[in-house]
Chemist: 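I'd like to ask you about the structure that follows.
One is the number of the first residue; the rest follow in order along the sequence.
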Amino acid sequence: MKRYFVAVTSCLAYICVFCTRLNLNITIISMVKRWNATTEEQNSNVTKITYDDSATNSLPTFDWDDQTQQQILGSFYYGFIISGLPGGWLAGKIGGKRSIVIVLLLQGLLSAMIPWAAGVGTSLLTIVRVLQGVIEGLVMPGIYMTLSKWIVPSERSTLVSMAYSGSCIAEVCCYPLSTWISTSPSLGGWPTSYYTYSFLCALLAIVCIAFVYDDPVDDPYVSTREVEYLKSFELEQTNKDVPVPWCDIFTSTAVWSIIVAYMAFNFSYIFILTEGPSYLLILGFNITSIAILTSIPSILEFIVTLLSGASADVIIRREYLNVLNTRKFFMILHMGIPAMCLFFIGYFDEQHAVECVILLTVAFTCGGMYAASTLTNIMEISKEHSQIIVGMVTTGAAVVGFIGPLILGALIKEDNTANQWSLMFRIIAAVHIFAMIFFLMFAKAEQQEWSHGHIRPTKLEMKSYNTIQDESGD
């Protein structure tokens, strides 16, 4: 079934692009000079700082202080925050496949440039990272636009979940792979990790060019039966030059219910992903334990992402719930359970580290239900302009990614205890509850009037799921 190949290829594209973002987070440890502090008794106990090159393996290293490192790491998001909406618009103009290929090729090129840029100076490296952020804003809309031609309603949650589970896989695989390469002299050390991801991006781009098509009708490798099945659900466009209804999209409560929910998810997701290790350190775990504990939630999230997507399709197909109530049901699980977990963390301190880890893991894992609730819902309210909405969602998510660490910095005082973190967790819980209620109030699950005002369906898109099953042989 070619539509599953398209979903898997989209997943691989997301993995490659996400790894080019994450790689610097771990390789920067090998890129920065290591300094040892020694005390000279003969010089009135004055501390002397000396450079330790025992582990450099003759690779270039850089004298970057903590502020410079944070500037380099954070510069990616300055580009990412401005590219979501333009990326959605551009994907609509050039097509989903071209968007994915362009992102893979440019991200691969920029990744290969990082070792050279770092040697030139931090300013050039920062520019490269900003450009990486700008380019990545095109990938989610591109993937979504490609999927929209290959997905039928009975498999919508399953295939969307499959495609976007790539971020979970990247989180699990990137750090161990980058660590292994950057600490292995025989493999070439940290520069090789950038070239590795560049090669993978280029290889996948070739696969996409050769085997992925925006429209099933143009695909020479898909069966006639599958094409007919897919086309029976497609909306026939009567005027391709009709402009995007920007005002209707920006004022639609159905659109904003998705944006608000995804922003709340990303608010907690980025915070736990970036600040979670610091919290575990406060709880008394060592670095080795933290490495293991931070990988487990990503693995569980990947499993939940796939299972929730498949489960949503089963629930709708067997008519246990209608489409809208299914999205709301998974929203309650997606937002409600993490809200309770994060709220109750506030009642535990360093003496209850195990309980805190369990609650934090459950909260992070439930984030995997975003595909069965919000991302899939985008296609249901506007298949024609889904890439624009995805761009808006991406922009909103990038904005809130900055907010969590800033709030935490204002809350945490010098002693930095688990009790001080509890207020931050309760703030996140409150954001989740608000987003969940907003979605429950305003979410829709049918094509909005402004979306299909200039198109007409060849068949009813949401015909009986039993009929869909009877007709499908693919």
Chemist: For the side chain to side chain contact (heavy atoms under 4.5 Å, CB included) test, which of S111, C16, S193 pairs with S198?
Modeler: S111
Chemist: Testing the basics here: between V323 and A445, what is the closest heavy-atom pair and its distance to 0.1 Å?
Modeler: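 For V323 and A445, the tightest heavy-atom pair comes out as CG1-CB, 3.8 Å.
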Chemist: Roughly how far, to the nearest 0.5 Å, is the NE2 atom of H385 from the CD atom of Q447?
Modeler: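 Here the rounded value is 9.5 Å.
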Chemist: If I take atom SG from residue C366 and atom CZ from residue F330, how far apart are they, to the nearest 0.5 angstrom?
Modeler: 11.5 Å
Chemist: If you apply the rule side chain to side chain contact (heavy atoms under 4.5 Å, CB included), what do you find for I332 with M436, and how did you get there?
Modeler: CA-CA 7 Å; I332 292 172; M436 181 182 70; 4.3 Å; yes
Chemist: Got a second to check how far L90's CG is from R98's CZ, nearest 0.5 Å?
Modeler: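 Interatomic distance, L90 CG to R98 CZ, rounded to 0.5 Å: 11.0 Å.
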Chemist: Please check this pair: side chain of Q448 against backbone of E446, looking for a donor-acceptor N/O pair closer than 3.5 Å.
Modeler: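 Checked: pair present.
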Chemist: Tell me whether the rings of Y77 and F80 are parallel (<30°), tilted (30 to 60°) or perpendicular (>60°).
Modeler: perpendicular
Chemist: Measure across R129 and T20 and return the closest heavy-atom pair with its distance rounded to 0.1 Å.
Modeler: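 The answer is NH1-O, 3.8 Å.
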Chemist: Would you sort out whether L375 and M140 count as a side chain to side chain contact (heavy atoms under 4.5 Å, CB included), showing the intermediate values?
Modeler: CA-CA 10 Å; L375 277 188; M140 278 190 68; 4.1 Å; yes
Chemist: Contact between I26 and S182 at the side-chain level, heavy atoms closer than 4.5 Å - yes or no?
Modeler: no
Chemist: Are the side chains of T179 and T27 in contact, using a 4.5 Å heavy-atom criterion?
Modeler: no
Chemist: Determine, stepwise, if the pair Y78 / T126 fulfils side-chain hydrogen bond (donor to acceptor under 3.5 Å, both in side chains).
Modeler: CA-CA 10 Å; Y78 292 109; T126 300; over 6 Å; no
Chemist: Quick one: does S252's side chain have a donor or acceptor within less than 3.5 Å of a partner on I249's backbone?
Modeler: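 A pair under 3.5 Å: no.
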Chemist: Does the distance from a Lys or Arg side-chain N to an Asp or Glu carboxylate O, for E226 and K2, drop under 4.0 Å?
Modeler: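 Judged by the 4.0 Å cut-off on N to carboxylate O distance, E226 and K2 do not form a salt bridge.
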Chemist: Which atoms form the tightest heavy-atom contact between A372 and R327, and what is the distance?
Modeler: O-NH1, 2.9 Å
Chemist: Taking W89 for its side chain and I388 for its backbone only, find out whether a donor-acceptor pair lies under 3.5 Å.
Modeler: no
Chemist: With a 3.5 Å distance limit and no angle check, can you tell me whether K97 reaches the backbone of Y213 through a side-chain donor-acceptor pair?
Modeler: no
Chemist: A side-chain contact here means heavy atoms from C-beta on lying under 4.5 Å apart; do T9 and L204 qualify?
Modeler: yes
Chemist: Tell me whether Y144 contacts the main-chain N or O of M379 through its side chain, where contact means a donor paired with an acceptor under 3.5 Å.
Modeler: yes
Chemist: Where do F439 and V260 land on the side chain to side chain contact (heavy atoms under 4.5 Å, CB included) test, with the steps shown first?
Modeler: CA-CA 8 Å; F439 186 88; V260 170; over 6 Å; no
Chemist: Working to the nearest 0.5 Å, report the span between CD of E380 and OG of S157.
Modeler: 6.5 Å
Chemist: Take T305 and Y164 through the test side chain to side chain contact (heavy atoms under 4.5 Å, CB included) and record every step on the way to the result.
Modeler: CA-CA 9 Å; T305 299; Y164 287 101; 6.0 Å; no
Chemist: Could you grab the distance from atom CZ of R156 to atom OG1 of T376, nearest 0.5 Å is fine?
Modeler: 8.0 Å
Chemist: Look at atom CZ of R21 and say whether more than 12 heavy atoms of other residues, nucleotides or ligands are closer to it than 6.0 Å.
Modeler: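 Enclosed: over 12 neighbouring heavy atoms sit under 6.0 Å from CZ of R21.
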Chemist: What pair of heavy atoms forms the shortest contact from I433 to A339, and how long is it?
Modeler: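 Looking at all heavy atoms of both residues, the shortest contact is CD1-CB, 3.7 Å.
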Chemist: Just so I know, are the side chains of V212 and V207 near enough to count as touching, which here means a heavy-atom distance under 4.5 Å?
Modeler: no
Chemist: Write down the atom of F343, the atom of A429, and the distance for their closest heavy-atom approach.
Modeler: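 Where F343 meets A429 most closely, the heavy atoms are N-CB, 4.1 Å.
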Chemist: Measuring from atom OG1 of T395 to atom CG of L85, what distance do you get when rounded to the nearest 0.5 angstrom?
Modeler: 5.5 Å
Chemist: Are M145 and S99 close enough that some pair of their side-chain heavy atoms sits under 4.5 Å apart?
Modeler: no
Chemist: If we ignore hydrogens and angles and just use 3.5 Å, is the side chain of D215 paired with the main-chain N or O of D218 as donor and acceptor?
Modeler: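 Judged by distance alone, no pair lies under 3.5 Å.
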Chemist: Heavy-atom count around W180 CH2 within 6.0 Å, excluding the residue itself: above 12?
Modeler: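 No, because the 6.0 Å sphere around CH2 of W180 holds 12 heavy atoms or fewer from other groups.
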Chemist: Look at atom CZ of F5 and say whether more than 12 heavy atoms of other residues, nucleotides or ligands are closer to it than 6.0 Å.
Modeler: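 Yes.
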Chemist: By the definition side chain to side chain contact (heavy atoms under 4.5 Å, CB included), identify the one residue from D313, L306, L307 that meets it with T158.
Modeler: D313
Chemist: For V134, is there any backbone N or O sitting under 3.5 Å from a side-chain donor or acceptor partner on S83?
Modeler: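 Answer holds: yes.
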Chemist: Taking all non-hydrogen atoms of both residues, which atom of M335 and which atom of A261 are closest, and how far apart?
Modeler: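 Looking at all heavy atoms of both residues, the closest pair is CE-O, 2.8 Å.
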Chemist: Give a yes or no on whether the backbone of K444 and the side-chain of N377 come within a donor-acceptor separation of less than 3.5 Å.
Modeler: yes
Chemist: Would a 4.5 Å heavy-atom cut-off, applied to side chains only, mark S178 and Y197 as touching?
Modeler: yes
Chemist: Would you find a donor on one side and an acceptor on the other, under 3.5 Å apart, between the side chain of Q107 and the backbone of Q132?
Modeler: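 Side chain of Q107 to backbone of Q132: a pair is present.
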Chemist: With a 4.5 Å heavy-atom cut-off, do V6 and T146 have their side chains touching?
Modeler: yes
Chemist: Using side-chain heavy atoms (C-beta onward) and a distance below 4.5 Å, is Y195 in contact with I181?
Modeler: no
Chemist: Name the orientation class of the two ring planes belonging to W421 and F271 (parallel below 30°, tilted from 30 to 60°, perpendicular beyond 60°).
Modeler: tilted
